[in-house]
Amino acid sequence: MTEFAHDSNLVFDLGMNNGDDTDYYLKRGFRVIGLEANPGLCAKAAVRFSTAIADGRLTIVHAAIWESSGETVFYVNLENDHWSSIDIGWAGRNDSNCEAITVRCVTLPELFAEHGVPFYLKIDVEGVDHVVLDQLRGLVKLPQFVSVEDCRFGFQYMETLSACGYDGFKLLDQSKVRNMSDPSVDHHFQPGSSGPFGNDVPGEWTPTPPPSRPIHRRSATSRAIASRHARNGGTSTARIQLRPPMDSPREKSIMSEEQKFAEYVRSNIEGAGKDIGFIGLSQVWVRECIRHNYAQNFTWLGRPIIQVPQDTYAIQELIWSYKPDLVIETGIAHGGSLIMSASMLAMLDYCDAVTSGSVLDPKAGKRRVVGVDIDIRAHNRAGIENHPLAHKITTFQGSSVAPDIFAQIKAIADGYDRIMVFLDSNHTHEHVLAELELYAPLTSKGAHCVVWDSGVEDLPPDMCADRPWGKGDNPKTAVWEYLKCLEGEGRTAADGAPLHFAYDKTIEHKIMITASADGFLKRV
């Protein structure tokens, strides 16, 4: 029996374009997967939504959706980016100029498997909407609501969707969207956007197309998407909104209680990040706690962990959210950080077993922590190796930037798909920059590369007088230089994709007290 994702907090924006629809879905409190094949539009969206990307509310998928995965030719319309398409006839209508590029293509089941089944599926992929709809057939779980545009197929879509179990629809005249708004989130819909969705679309659900609104097919050179001829002969666009059978769970409110609380927390964090006085007070606190060696007072499962407690809390949030299968750490000290990462990975193994109903062999899990330090003292090595979580930890002694050491760690990383990196060894600019060049490319997309103790840059010079690092020569200055290199020269990640990182100010402003301002880097 088909199940509908009535309780999902996810929206798929297939055909993200300039991001106006994504902006609305984010305001509504949804997590969004935005798919866009046009690389220029992806780059602009990455800038526009950098905060949402950094805090995990938005994932941009740079790809085209098609009937099979791999690569395909995509035609970028150089005069109207809304017309860009896999279909050259669609992209090049009105004899407009197009540029052919090769892009990655994915299928709808692949997107569902990786990101989950969305509450709402918006389809606007210029000329190939039917390819997406056809892939809904046979899936055991479907979106609660679907909307689609395309003038060439009209209500033939209804046959596909009816076969999937949808039994009602609404028509939304998109020429009227610019006059609509959603006061619940203070949003006014922009011209060209898709407008409201689901039960918020005006009108009643009906099982068949209204007889007063006939579909007129148009050629592939038409400007409109799902075209309707108005009585005066003009043209407007319409969006067909689908809903599941009447006996399935219905959307009960604009935002669930979980969504409301998440929005409340997001607002708290945003406010804290704008409070200069609060930020300044937090910096003073960090400075004074260093005078008292405060960060050295704590343990994790019995091993000393040299971290500010708020930073350890950030570690567990990052690991739980991304669920890596490999954590790489440079700098070991007493081993508390290795034990913490190992304990989080062990907890992920346990939760996987509970979810699947399988028997857990604690030592059989693939998830692992790799640590490297130039000097692992004998008593620290003994403490790590005698710990119950030692089976999840691999250590190397030597410089983290030595070619032979890195080659061994890289060989391990090659066998993993979800990798997170923590850099916390020698804090000089030169060393941290060298670590970033080696280890940052191993970070998986969506994961973090955290550069610890970047706050050295903000300390009074005398506080590091006995160290080889200090103001102007520290992890933060290395981060700044490395990100400039990424923007200018560019780098390629270990997975072959272009390497981009964004400052995750959300986690930084959430914990407020941190030794690593500007050090939480999220691969985007």
* **His187 and Tyr24 aromatic ring geometry - parallel, tilted or perpendicular at 30°/60° bounds** => tilted

* Charged N to carboxylate O under 4.0 angstrom, Asp21 versus Lys122? -> yes

* Asp504: side-chain hydrogen bond (donor to acceptor under 3.5 Å, both in side chains) partners, not counting sequence neighbours -> His448

* For Tyr75, check side-chain hydrogen bond (donor to acceptor under 3.5 Å, both in side chains) against everything at least two apart and list the hits. => none

* **Glu435 versus Ser400, side-chain donor and acceptor atoms under 3.5 Å** => yes

* Closest non-hydrogen atom pair, Ala413 against Ile419 -> O-CD1, 3.6 Å

* Quick one: salt bridge (Lys or Arg N to Asp or Glu O under 4.0 Å) pairs with a partner in residues 94-110, sequence neighbours left out? -> none

* **Ser96: partners by side chain to side chain contact (heavy atoms under 4.5 Å, CB included), with sequence neighbours left out** => Asn77, Glu79, Trp83

* Using the ring of each side chain (for Trp, its six-membered ring), is Tyr482 parallel, tilted or perpendicular to Phe501, with breaks at 30° and 60°? -> tilted

* To do: Name all pairs fulfilling the salt bridge (Lys or Arg N to Asp or Glu O under 4.0 Å) condition that reach into residues 49-67, sequence neighbours left out, sorted by first residue then second.
  => Asp55-Arg57

* Asked: Do other residues, nucleotides or ligands put more than 12 heavy atoms under 6.0 Å from the CD atom of Glu430?
  -> no

* Does atom CG of Asp186 have more than 12 heavy-atom neighbours, drawn from other residues, nucleotides or ligands, at distances under 6.0 Å? -> no

* Asked: Can you tell me if NZ on Lys44 sees more than 12 non-hydrogen neighbours from other groups inside 6.0 Å?
  -> no

* Whether His115 and Phe12 hold their rings parallel, tilted or perpendicular, with breakpoints at 30° and 60° -> perpendicular

* **Steps toward side-chain contact (heavy atoms from CB on, under 4.5 Å) verdict (Phe520, Thr514)** => CA-CA 10 Å; Phe520 293 92; Thr514 177; 3.6 Å; yes

* Asked: Between Lys484 and Glu487, does at least one N-O distance fall below 4.0 Å, as a salt bridge requires?
  -> no

* To do: Can you sort out the partners of Ser181 under side chain to side chain contact (heavy atoms under 4.5 Å, CB included), two or more places apart, ordered by chain and number?
  => Pro183, His188

* Output field: ring centroids Tyr120/Phe197 closer than 6.0 Å -> yes

* Asked: Does NZ in Lys176 sit with more than 12 non-hydrogen atoms of other residues, nucleotides or ligands closer than 6.0 Å?
  -> no

